[in-house]
Amino acid sequence: MPATLRTSCAIAALCLLGACASAVVADAPLKDAQLQLLPGQSADLNPNVSLRYDQASDSRCPPKVQCVWAGKLGHHFTLRARRATESFELADDQPEFVSTMLGGVRIVLAKPPSPSPRTVDQPVQLSVLTHPPEHN
């Protein structure tokens, strides 16, 4: 096989692998959903896809203490679909995640957590949005 043909075949194979890696891995359709999860809980978005609330991390300044940095409350999640996973974090300054694994499905903090300190064991409310955002 000529070197040019081998190179072309290798490039084609890599393109196909890249397309498979970014393809939607959910066979059954996903629907919009409102979820409430505690750390450690999971929710099935369809028979092949689940969303797990792994943990919260709170680096916010305690009440009645003067801090140099305000800190933040972050929520760590993992999407699982078959053998693929996608991890992400949501926080007040980053309330939305767009999944490449699920073809643009958005996961949004539906209600920001209370500003009161140490709310890491309280449920977080999320919206799973399967449609693109509306532009005005």
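Two residues are said to be in side-chain contact when any heavy atoms from C-beta on lie closer than 4.5 Å; Tyr53 and His75 meet this criterion. Gln36 is not listed as a side-chain neighbour of Gln122, based on a closest heavy-atom distance of 4.5 Å or more. Side chains of Leu102 and Val49 form a contact here, defined as non-hydrogen atoms less than 4.5 Å apart. Side chains of Phe77 and Leu126 form a contact here, defined as non-hydrogen atoms less than 4.5 Å apart. In this structure the side chain of Asp92 never reaches within 4.5 angstrom of the side chain of Lys72, judged on heavy atoms.
Taking OG of Ser59 as the reference point, atom CG of Leu73 lies at 8.5 Å (rounded to 0.5 Å). For the atom pair SG of Cys67 and CZ of Arg60, the computed distance is 11.5 Å after rounding to the nearest 0.5 Å. Within the model, atoms CG of Leu129 and CD of Gln34 stand 7.5 Å from one another, a figure rounded to the nearest 0.5 Å. Taking CG of Leu45 as the reference point, atom CD1 of Ile107 lies at 6.5 Å (rounded to 0.5 Å). A distance of 7.5 Å separates CZ of Arg52 from CZ of Arg80, quoted to the nearest 0.5 Å. Here the CD atom belonging to Glu86 is positioned 3.5 Å from the CZ atom belonging to Phe97, to the nearest 0.5 angstrom.
Scanning both residues, Gly74 and Ala91, for their nearest heavy atoms gives CA-CB, 4.3 Å. Counting all heavy atoms, side chain and backbone alike, Thr130 lies closest to Leu30 at CG2-O, 3.5 Å. Here the closest non-hydrogen pair linking Ala43 and Leu37 is CB-CD2, 4.1 Å. Between Gln55 and Pro39 the shortest heavy-atom distance is CA-CB, 4.3 Å. The shortest non-hydrogen separation linking Val98 to Glu96 is CG2-OE2, 3.8 Å.
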Go through Ser99 and Phe88 one step at a time and tell me if the side-chain contact (heavy atoms from CB on, under 4.5 Å) criterion holds. CA-CA 9 Å; Ser99 171; Phe88 62 95; over 6 Å; no
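For Asp54 and Thr78, the side-chain atoms include at least one donor-acceptor pair closer than 3.5 Å. Defined by atom type and a distance below 3.5 Å, a donor-acceptor pair is present between the side-chain atoms of Ser57 and His76.
The side chain to side chain contact (heavy atoms under 4.5 Å, CB included) test with Val124 singles out one residue from Leu35, Leu38, Leu109, and that residue is Leu109.
No donor-acceptor pair closer than 3.5 Å links the side chain of Asp44 to the backbone N or O of Asn46.
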